[in-house]
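All residue numbers in this chain count up from 1 along the given sequence.
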Amino acid sequence: MSSAPSAQEIARDARWLAQALDPDTGVARLVDMTPEAYRAASFLDDRMLQGPVTACTKPFAEVAAAMPVETRSDARWIFHIGHVGSTLVARLLGELSGVLSIREPRILRDIANMRGEQRAAVLPAIQTLFSRTFAAEEMALVKATSFVSEIAAELVPPGEAALFVTVDARTYIATILAGPNSLKELAALAEIRSARMAERLRGVLPASSPAQLAAAAWACEMTSLESAAEAMADRRIMWSNFDKLLEDMAGGLSAIATFFGMDAPPERVGEIAGGPLMARYSKAL
């Protein structure tokens, strides 16, 4: 741990990542980051703490107060249903000049689990904190954890943009059933997903097999995105099916970059789509 940065240091740029927030104490964990560290990190949850990091804690109220009243809240957002290539998409877009890709900071999960009124109090600061970059001409791209889709309408300010990444049910179910770790995650999240679904649909039968659990997981995450879209009529939303994206990655990336307003020359997009990231496991390079 290190000494906490000043309010001015926090507000200045994206160096100090607001990585986690304890809802009981109101204390935030801040992690010292560089552009290279953001680029390298697959996830900014507690897995990043397994390596050497410089971190400190600070009352979140002080962090929020550090943000100027007139500041940007124009981050682009990626929401998804999980296991659909969203990490790869975020990595690839992060290779474009002027894009700071921020993948799955734990704090978004922390606030998704807060009570509504408690969450509302911190959301304005979250929107500005995750719009900070290292240069004025840069834009931030934030990829959330799948269940954070439940609060997508609260995270994305009116007029801003979000990408929703999905796959068809057959692909999703096959992906989940093919991996032992995915099956463990499926079982661990089953009860939580059942509770989330109960808020949207009635009469959902309990699943009795891994395949049924995977189907229920797909339905839960898809209805979460669909509900978010209904609540985000004054935001710009682009839906992307990852299977279709794979058929023409360069064309798909170009379309997403144009939607987000990113500088994406065709030759650079082609280099990225044909580059080494497409041949590596994006969650652990």
Give the minimum heavy-atom separation between [X] and [Y], together with the two atoms involved.
| X | Y | value |
| --- | --- | --- |
| Trp16 | Arg132 | O-NH2, 2.7 Å |
| Val142 | Ala75 | CG2-CB, 4.1 Å |
| Val269 | Ser254 | CG1-N, 4.0 Å |
| Ala55 | Val31 | CB-CG2, 4.2 Å |
| Ile237 | Ala229 | CD1-CA, 3.7 Å |
| Arg196 | Glu150 | NE-OE2, 2.6 Å |

Inspect the contact between [Y] and [X] and indicate whether a charged nitrogen and a carboxylate oxygen are less than 4.0 angstrom apart.
| X | Y | value |
| --- | --- | --- |
| Arg193 | Glu221 | yes |
| Arg235 | Glu160 | no |
| Asp168 | Arg170 | no |
| Glu271 | Arg268 | yes |

Mind running salt bridge (charged side-chain N to carboxylate O under 4.0 Å, His left out) on Asp13 and Arg15 for me, showing each step along the way?
CA-CA 6 Å; Asp13 56 30; Arg15 173 183 170 185; over 6 Å; no

Candidate pair Ser282 and Arg91, rule side chain to side chain donor-acceptor pair (under 3.5 Å), full reasoning:
CA-CA 7 Å; Ser282 60; Arg91 274 199 183 278; 5.3 Å; no

Taking C-beta and beyond as the side chain, do [X] and [Y] meet within less than 4.5 Å on heavy atoms?
| X | Y | result |
| --- | --- | --- |
| Phe242 | Leu88 | yes |
| Ile176 | Trp218 | no |
| Leu177 | Pro210 | yes |
| Lys283 | Arg47 | no |
| Ile111 | Met114 | yes |
| Ile10 | Leu129 | yes |
| Cys220 | Arg200 | yes |
| Phe60 | Ile126 | yes |

Taking a hydrophobic cluster as the set of Ile, Leu, Val, Met, Phe, Trp and Tyr residues connected by side-chain heavy atoms closer than 4.5 Å, whether directly or through intermediates, do Leu189 and Leu108 fall within one such cluster?
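No: no chain of side-chain contacts under 4.5 Å links Leu189 to Leu108.
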
Does either side chain, that of Lys143 or that of Ser101, offer a donor lying less than 3.5 Å from an acceptor on the other one?
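No, Ser101 and Lys143 have no side-chain donor paired with an acceptor closer than 3.5 Å.
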
Among side-chain atoms of Arg29 and Gln19, is any donor-acceptor pair under 3.5 angstrom?
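There is such a pair between these side chains.
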
Between Thr133 and Tyr38, does a side-chain contact (heavy atoms from CB on, under 4.5 Å) hold up when you go through it step by step?
CA-CA 11 Å; Thr133 57; Tyr38 278 108; over 6 Å; no

